[in-house]
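Heads up, the thing below is written out as structure tokens.
As the structure lists them, so they are numbered: ligands from 1, and atoms in each ligand from 1.
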Amino acid sequence: MTGHRLALLGCALAVAGWTSPPPAPAAGGPLRIIAFGAHPDDCELDAAGVAAKWAALGHKFKCVAVTNGDIGHSVIAGGPLALRRRAEAGQAARLLGIETEVLDNHDGELMVTLENRRKIARLIRQWQADVVISHRPNDYHPDHRYTGVLVMDAAYMVQVPFFDPQVPPLTRNPVFLFSEDRFQKPNPFSGDIVVGIDDVIEKKLAVVAAMESQFYEGGCCDVPAGGLPTDTAGKEARRKQVLDHFAARFASTADRFRARLAEWYGPEQAAKIKYAEAFEICEYGRQPAKDEIRQLFPFLPAR
Ligand SMILES: [Zn+2]
């Protein structure tokens, strides 16, 4: 037993003695952002605007769906739905100019396990992330909650060499952010960083349109009363209804955080912003001062 343990330790030491340390993040190269959503559509709904803006400036953004979404529809499920949703996430990524990955965990069954913690930590390390985005752990959906917990559980471990000796640890802890939600208990979302996305709203709405199984068709639980239309005019009306709904949702973020927008953009510019995305700074991970936030979100105006 002792010999076996020593052999394992020796192996870990050998692997941990990587020859070249990972490059320091944000040292003049592109920023690297990784966003975790529970299902193929969450990261896109929460952060497609900032993703498009980062990508347009040459920075690297990756969306990870932690489950494959294979029960997220009213009439199809399993492998065929998972493949369809992976294709939709791929189309969204092409529209935004980002990378995407869908993990093969069943929808509705995500658990906080050591294996999943290791997987999330490894993805953050491999991406050499400067910024990590996920759900808060206060949420109606268990997969959202547990995605949030898994990312928080990885927030320190990404730096601990022997947590996963196979992949070099990060030398600088990323900034961890939560994406917006409307849950109030035990505490409401705080919207520390709010970004105007008017310049990329058409792109974000194109992403919504591309995720047809979820929004046009209504996913598992929002199929339109009376079913989906079959005639051309009805289909067009349904498309418009979906895009209007989401445009109003993205506009409501700007209204909800108008005062915070004014802090970042100044009152005059903030008053004109119609659509926004908001993020809360997680207490774990690096705690950025305002100047660093402007470096990490280089599309925020300099002040
Ligand atoms: Zn979801």
Side-chain angles (χ1 to χ4, degrees), residues 33-51 61-93 95-96 98-113 116 119-120 123 132-154 176-185 189 204-205 207-223 242 245-246 248-250 252-253 277-280 282:
I33 303 96
I34 188 165
F36 294 90
H39 308 107
D41 72 354
D42 286 316
C43 148
E44 292 83 355
L45 282 185
D46 292 335
V50 286
F61 188 102
K62 180 174 184 175
C63 250
V64 178
V66 182
T67 76
N68 60 19
D70 60 356
I71 59 167
H73 201 272
S74 62
V75 292
I76 55 170
L81 179 59
L83 288 174
R84 186 172 177 208
R85 296 192 68 181
R86 193 170 67 182
E88 289 176 349
Q91 177 60 14
L95 287 166
L96 297 169
I98 64 168
E99 290 192 29
T100 192
E101 180 171 350
V102 178
L103 305 185
D104 202 16
N105 295 306
H106 289 301
D107 188 345
E109 300 183 11
L110 185 67
M111 297 296 287
V112 175
T113 63
N116 284 335
K119 177 74 187 169
I120 298 287
L123 283 164
V132 181
I133 301 173
S134 75
H135 303 284
R136 288 199 309 158
N138 317 321
D139 200 291
Y140 78 107
H141 197 300
D143 293 341
H144 293 198
R145 278 203 295 280
Y146 298 147
T147 294
V149 171
L150 285 164
V151 173
M152 285 195 297
D153 286 354
F176 286 78
L177 303 176
F178 294 124
S179 49
E180 186 190 1
D181 61 62
R182 304 222 166 221
F183 301 100
Q184 299 295 310
K185 295 175 183 174
F189 174 84
K204 186 161 185 178
L205 290 173
V207 165
V208 168
M211 306 196 107
E212 222 176 30
S213 72
Q214 297 308 294
F215 306 128
Y216 179 85
E217 294 173 22
C220 68
C221 312
D222 295 310
V223 182
V242 169
H245 167 81
F246 279 99
R249 172 168 157 177
F250 306 145
S252 74
T253 298
E277 286 173 356
F279 303 93
E280 174 178 322
C282 174

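- Across all their heavy atoms, A82 and D70 have their closest contact at CB-CB, 4.0 Å.
- Protein atoms of type N/O/S that fall under 2.8 Å from the Zn ion (ligand 1) number 4 in this view.
- Under the 30°/60° scheme for interplanar angles, the aromatic rings of H144 and H135 are found to lie parallel.
- More than 12 heavy atoms of other residues, nucleotides or ligands shown are found within 6.0 angstrom of CZ on R136.
- With hydrogens and angles disregarded, a donor-acceptor distance shorter than 3.5 Å links the side chain of N116 to the backbone of M111.
- Sorted by first and then second residue, the pairs that involve residues 207-218 and meet salt bridge (Lys or Arg N to Asp or Glu O under 4.0 Å), not counting sequence neighbours, are R84-E212, R84-E217.
- For the side chain to side chain contact (heavy atoms under 4.5 Å, CB included) criterion with V151, the lone passing option out of I34, V64, V132 is V132.
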